[in-house]
Chemist: 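Shown below is the structure under consideration.
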Amino acid sequence: MNTARTRLAIADLTATLATEFDVPALLHAVALHAQRCFDAHCAAIVLHGRRAAGNAGLHIVAAAARDDSPADPRLHTVGPGLASARDGAVAMIADLDDSAGDDRWPEYRARAREAGLRSVRAFPVRAMAVPLGAVVVHADEPWGTRRPDDFGQILADLTAIALSTSQGGRRVTATDTVDTVLNGTAVIATAVGILAEYFDRDVDAARLRLHRLARAHQRTPTAQAAAVVRAQEVFPADPGAEPALHLPPDLAPPTSIGR
């Protein structure tokens, strides 16, 4: 495992946490760093939905995959992922081809093997000892010893900090933030789909455009995504009629003195 890359990943995330960050965007960065630093097939962040809101269960709020080839999303929300999110502890399978008397999660194991996966680690996301979810990492080879668990738990702990901190730096109820993240994630996914279809781009390119638009319009990615969705609602036949889908025009250069 590339220790320089992991140090840079931690530095990137901690620097973001010191700013007015957008929670869904930060969680996507966590998933991306997990996939890349663990050289994993895919990684995802799953969070509990609030039962009172009618969305109980685990929800994928961020995901990243190698070569844009994610595994079955259900693999993140069952088996080790579910166990870690429920129990607040690390759950793992070192090698799916070597059960060694471990017969837990048989349906998950069969589905993971079918997807070509060999190992998994799920690191609990906890706030004030309350389990909120997990960072789930799948590899297409045995986990081995070169992938340190401490880095995965650091990512999970940074996720918990993000969920427990409001934009003003105040401590907030983590479960309230989870609900906000679930809503924001849905809006971002919808906006990325709109951008991908309108500009005929793949999902990664559309997501990158969303972030560029957010910076250019001086909004958070979630606020920019909401503007894109509104444009689709107002102009369903041509959402590009709204400025939200485009970078703002460059300002005209100042007129020279004497002209």
Side-chain angles (χ1 to χ4, degrees), residues 1-13 16 24-47 58-82 84-85 90-98 105 108-125 133-156 158-159 185 188-189 192-193 195-196 200-212 221:
M1 191 166 181
N2 189 321
T3 55
R5 175 176 286 183
T6 61
R7 287 196 297 268
L8 287 173
I10 294 170
D12 173 57
L13 294 172
T16 301
L26 184 138
L27 298 188
H28 178 73
V30 170
L32 194 60
H33 283 310
Q35 186 275 316
R36 290 177 175 174
C37 292
F38 279 119
D39 190 22
H41 180 276
C42 55
I45 298 175
V46 296
L47 298 177
L58 284 183
H59 300 264
I60 299 172
V61 296
R66 182 193 302 143
D67 301 326
D68 195 28
S69 56
D72 184 341
R74 291 173 296 178
L75 292 173
H76 299 302
T77 58
V78 298
L82 175 59
S84 179
V90 175
M92 66 187 77
I93 299 177
D95 187 349
L96 281 160
D97 289 349
D98 182 14
W105 315 305
Y108 161 83
R109 288 173 179 270
R111 191 175 295 156
R113 287 194 188 94
E114 185 177 343
L117 302 176
R118 290 285 301 275
S119 60
V120 59
R121 284 288 193 282
F123 305 96
V125 176
V135 176
V136 187
V137 184
H138 283 93
D140 51 13
E141 61 183 3
W143 192 262
T145 58
R146 65 185 183 87
R147 295 182 172 96
D149 288 345
D150 56 352
F151 174 68
Q153 193 56 55
I154 288 172
L155 293 180
L158 291 175
T159 298
T185 300
I188 288 175
V192 168
L195 292 171
D200 192 22
R201 296 289 188 267
D202 61 27
V203 171
D204 286 340
R207 184 180 290 275
L208 179 61
R209 183 176 184 86
L210 176 64
H211 284 266
R212 290 182 62 199

Chemist: Is atom CG of D200 surrounded by more than 12 heavy atoms (other residues, nucleotides or ligands) closer than 6.0 Å?
Modeler: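 Atom CG in D200 is not crowded, with 12 or fewer foreign heavy atoms closer than 6.0 Å.
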
Chemist: Do you know the tightest heavy-atom contact between I188 and P24?
Modeler: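 In terms of heavy atoms, the two residues are closest at CD1-CB, 3.6 Å.
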
Chemist: L96 and R113: which non-hydrogen atoms are nearest, and at how many Å?
Modeler: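 Nearest heavy atoms, L96 then R113: O-NH2, 2.5 Å.
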
Chemist: Would you name the heavy atoms of I60 and P73 that are closest together and state the gap between them?
Modeler: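 Smallest heavy-atom distance, with atoms named: CD1-O, 3.5 Å.
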
Chemist: Quick check: closest heavy atoms across D202 and A196, and the distance to 0.1 Å?
Modeler: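 Scanning both residues completely, I find the closest heavy atoms to be O-CB, 4.3 Å.
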
Chemist: For residues 115-122, tabulate all N or O donor-acceptor pairs below 3.5 Å that involve a side-chain atom, not counting sequence neighbours.
Modeler:
from : atom 1 : to   : atom 2 : distance (Å)
R118 : NE     : D95  : OD1    : 3.0
R118 : NE     : D97  : OD2    : 3.1
R118 : NH2    : D95  : OD1    : 3.1
R118 : NH2    : D95  : OD2    : 3.0
S119 : OG     : E141 : O      : 2.7
S119 : OG     : W143 : N      : 3.3
R121 : NE     : D149 : OD1    : 3.2

Chemist: So D39 and R66, do their side chains get closer than 4.5 Å, heavy atoms only?
Modeler: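 In contact.
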
Chemist: So L82 and T77, side-chain contact (heavy atoms from CB on, under 4.5 Å) or not? Walk me through it.
Modeler: CA-CA 5 Å; L82 175 59; T77 58; over 6 Å; no

Chemist: Would you list the atom pairs, donor with acceptor, under 3.5 Å between side chains in residues 26-38 and any protein atom, with sequence neighbours excluded?
Modeler:
from : atom 1 : to  : atom 2 : distance (Å)
H33  : NE2    : D12 : OD2    : 2.9
Q35  : NE2    : A40 : O      : 2.8

Chemist: What is the distance from atom CG of L13 to atom CG of L155, rounded to the nearest 0.5 Å?
Modeler: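 So the gap between those two atoms works out to 6.5 Å.
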
Chemist: With a 4.5 Å heavy-atom cut-off, do M92 and S84 have their side chains touching?
Modeler: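 SC-SC contact between M92 and S84 ruled out.
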
Chemist: D98: what forms a side chain to side chain donor-acceptor pair (under 3.5 Å) with it, not counting sequence neighbours?
Modeler: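 By the side chain to side chain donor-acceptor pair (under 3.5 Å) rule, D98 matches no residue at all.
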
Chemist: Can you name the one residue among I154, V61, V135 that meets side chain to side chain contact (heavy atoms under 4.5 Å, CB included) with T159?
Modeler: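 So, applying the side chain to side chain contact (heavy atoms under 4.5 Å, CB included) to T159 and each of I154, V61, V135, only V135 qualifies.
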
Chemist: Would you sort out whether H76 and V46 count as a side-chain contact (heavy atoms from CB on, under 4.5 Å), showing the intermediate values?
Modeler: CA-CA 7 Å; H76 299 302; V46 296; 4.0 Å; yes

Chemist: Report the distance from atom CZ of R109 to atom CD1 of I93, rounding to the nearest 0.5 Å.
Modeler: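 R109 CZ to I93 CD1: 4.0 Å, rounded to 0.5 Å.
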
Chemist: If we only count heavy atoms from C-beta on, is the I10 to L8 side-chain gap below 4.5 Å?
Modeler: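 I10 vs L8: side chains apart.
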
Chemist: Which heavy atom in G81 sits nearest to a heavy atom in L58, and how many Å separate them?
Modeler: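 Distance-wise, the nearest heavy atoms are O-CD1, 4.1 Å.
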
Chemist: May I ask you to test the L75-V136 pair for a side-chain heavy-atom distance under 4.5 Å?
Modeler: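 Not in contact.
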
Chemist: Could you state the interatomic distance from CZ (F151) to OG1 (T3), rounded to the nearest 0.5 Å?
Modeler: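 Nearest 0.5 Å value for the CZ-OG1 distance: 11.0 Å.
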
Chemist: Which is it for L195 and R201 under the side-chain contact (heavy atoms from CB on, under 4.5 Å) test, yes or no, and what are the steps along the way?
Modeler: CA-CA 8 Å; L195 292 171; R201 296 289 188 267; over 6 Å; no

Chemist: Of all heavy-atom pairs between Y108 and H138, which one has the smallest distance, and what is that distance?
Modeler: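 Shortest heavy-atom separation between Y108 and H138 comes out as OH-NE2, 2.8 Å.
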
